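To start, the structure under review is shown below, and the notes come after it.
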Amino acid sequence: IQHFGAPVGEDKSGLVDDFRIEIQHTCAVSSTYIHITELNDELMAHDPGIGQNARLDVPVEAGEILGWFVKNVDFNIVDLDYITDGLINPASYQREPWKIHVPDTLDYFLPEISKKIASVSLRTTDPRGGEFTYDIDGRLVGNWFEEGTNGYQGVDENRYWAGHLAIAYNHIDPSMIEISIGTFVDRAEQLAVAGNAPDPATVTVETGAVIYELISWDYWVGDERWDRFTFAEGITARPGEQVVGSMMAQMIDDRTLKMETFPGLAAADITGFTPAAKMFTR
């Protein structure tokens, strides 16, 4: 049990006061639930205190209610006997080494339970349990880290994501390319791509430099914006119209990327890289 209690977000204005629990099923397999608002009485009796964690020998049974959440809950399976092929360089994930051992979560539940979970998944595209490992060797798609920033670890604990770059697809509506930039001007941004092309899975060294015009986006259900809190089906991610900047990217070799962002500029305004360009690796 870990009791979160710290400011979060770019400006540290959000306060978290909830729990992370991990259940050990076998020597290799465990399940993790994050942002549990309230634990059941037995587990609450072992609350380690805000900012602390405790490892307990507390058996739990199938069907037992362990806790409740209000807005959202994160959960996943870790199987140490499984290694994803979608994170090319495991050494980059020393901060959270379990990441390379996360399979399709729904594969580990009994069929009837897996079906129930899938029925309330916001994502309707397979895999219903979601996807986060997109690396393809020699392709632009996937995770990148600015050179000299210790991979996922980062340099500054308070902004370890500053040198992160993910060029992939929206987690609920994977038909939309989404670029997550650890530092765009002075904060992290997740942006859509004008024209939704080129597909980063097709960009190689031979492609040369590509420019993505970056635009804000939102979730929709039919003709209504989704509030991101209530359950809904048929959610789509839709780009807006205003270009907030551009990004130029060029594969130097199969695992080296040159990248530069141009806030406020459209693709037509960019003539090439400037000395502000940075190098990224897997």
Side-chain angles (χ1 to χ4, degrees), residues 84-93 99-100 125-127 130-152 161-185 188-217 236-282:
T84 176
D85 60 0
L87 296 176
I88 288 173
N89 184 14
S92 292
Y93 298 90
K99 281 191 183 325
I100 66 170
T125 304
D126 289 333
E131 191 170 4
F132 74 101
T133 58
Y134 292 99
D135 292 0
I136 301 176
D137 218 1
R139 305 298 173 111
L140 181 61
V141 69
N143 293 348
W144 297 90
F145 303 102
E146 185 181 340
E147 283 188 343
T149 61
N150 303 317
Y152 194 85
W161 58 86
H164 292 191
L165 172 67
I167 305 171
Y169 312 95
N170 183 266
H171 65 291
I172 294 178
D173 179 4
S175 68
M176 187 188 83
I177 298 170
E178 186 174 346
I179 298 180
S180 180
I181 305 172
T183 303
F184 184 78
V185 185
E189 293 285 358
Q190 291 76 47
L191 299 163
V193 172
N196 207 40
D199 185 339
T202 67
V203 176
T204 66
V205 172
E206 289 72 25
T207 305
V210 296
I211 298 176
Y212 288 106
E213 285 191 329
L214 306 174
I215 44 185
S216 58
W217 59 275
T236 59
R238 300 183 197 171
E241 296 180 355
Q242 184 177 1
V243 174
V244 300
S246 296
M247 181 186 86
M248 176 177 275
Q250 182 175 1
M251 299 280 294
I252 303 303
D253 59 43
D254 284 353
R255 297 191 183 181
T256 307
L257 170 69
K258 187 175 185 178
M259 189 278 281
E260 184 174 358
T261 58
F262 299 85
L265 296 184
D269 301 321
I270 299 169
T271 57
F273 288 110
T274 77
K278 296 179 179 180
M279 303 300 290
F280 288 74
T281 62
R282 294 291 193 184

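Just so you know, residue 1 is the first one in the sequence shown, and it goes up from there. Note that the structure is a prediction, hence the values are computed from the model and not measured.
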Is there a donor-acceptor contact under 3.5 Å from the side chain of [X] to the main chain of [Y]?
{"X": "Arg282", "Y": "Asn143", "value": "yes"}
{"X": "Asn196", "Y": "Ser175", "value": "yes"}
{"X": "Thr274", "Y": "Ala276", "value": "yes"}
{"X": "Ser246", "Y": "Leu265", "value": "yes"}

Which pair of heavy atoms, one from [X] and one from [Y], lies closest together, and at what distance?
{"X": "Phe184", "Y": "Gly245", "answer": "CZ-CA, 4.3 Å"}
{"X": "Glu213", "Y": "Ala266", "answer": "OE2-CB, 3.3 Å"}
{"X": "Trp217", "Y": "Gln190", "answer": "NE1-O, 3.1 Å"}
{"X": "Ala168", "Y": "Val141", "answer": "CA-CG2, 4.3 Å"}
{"X": "Tyr212", "Y": "Val210", "answer": "CE1-CG2, 4.0 Å"}
{"X": "Thr202", "Y": "Thr207", "answer": "O-OG1, 3.8 Å"}

Q: Compute whether any side-chain donor of one residue and acceptor of the other, for Asp253 and Thr256, lie under 3.5 angstrom apart.
A: yes

Q. Would you say the side-chain atoms of Asp199 and Tyr169 include a donor-acceptor pair closer than 3.5 Å?
A.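 On atom types as modelled, these side chains qualify, holding a pair under 3.5 Å.
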
Distance, nearest 0.5 Å, that separates [atom1] of [X] from [atom2] of [Y]:
{"X": "Glu146", "Y": "Met259", "atom1": "CD", "atom2": "CE", "value": "8.0 Å"}
{"X": "Leu191", "Y": "Glu178", "atom1": "CG", "atom2": "CD", "value": "8.0 Å"}
{"X": "Ile88", "Y": "Asp135", "atom1": "CD1", "atom2": "CG", "value": "4.5 Å"}
{"X": "Asp173", "Y": "Thr125", "atom1": "CG", "atom2": "OG1", "value": "6.5 Å"}
{"X": "Thr183", "Y": "Leu165", "atom1": "OG1", "atom2": "CG", "value": "10.5 Å"}
{"X": "Leu257", "Y": "Lys278", "atom1": "CG", "atom2": "NZ", "value": "13.0 Å"}

Q) Would you say the side chain of Ile167 lies within less than 4.5 Å of the side chain of Tyr134, judging by non-hydrogen atoms? A)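 No, their side chains stay 4.5 Å or more apart.
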
Q. Any side-chain heavy atom of Thr281 within less than 4.5 Å of one from Arg255?
A.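 No, too far: nothing below the 4.5 Å cut-off.
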
Q: Quick one: do Glu189 and Leu214 satisfy side-chain contact (heavy atoms from CB on, under 4.5 Å)? Show the steps, please.
A: CA-CA 10 Å; Glu189 293 285 358; Leu214 306 174; over 6 Å; no

Q.
If you count every heavy atom of other residues, nucleotides or ligands that lies below 6.0 Å from Asp85 atom CG, does the total exceed 12?
A.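 No, not enclosed.
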
Q.
Is it the case that over 12 heavy atoms from other parts of the model lie below 6.0 angstrom from the NZ atom of Lys99?
A.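 More than 12 heavy atoms, drawn from other residues, nucleotides or ligands, come within 6.0 Å of this atom.
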
Q.
side-chain contact (heavy atoms from CB on, under 4.5 Å), that's the test. Do Thr261 and Met247 meet it? Break it down for me.
A. CA-CA 4 Å; Thr261 58; Met247 181 186 86; 4.3 Å; yes

Q: List the steps, then state whether side-chain contact (heavy atoms from CB on, under 4.5 Å) holds for Thr204 with Arg139.
A: CA-CA 5 Å; Thr204 66; Arg139 305 298 173 111; 3.4 Å; yes

Q) Where does the angle between the aromatic ring planes of Tyr152 and His164 fall among parallel (under 30°), tilted (30 to 60°) and perpendicular (over 60°)? A) tilted

Q. After noting the C-alpha distance and the side-chain angles of Ile270 and Glu260, does the key distance pass the side-chain contact (heavy atoms from CB on, under 4.5 Å) rule?
A. CA-CA 11 Å; Ile270 299 169; Glu260 184 174 358; over 6 Å; no

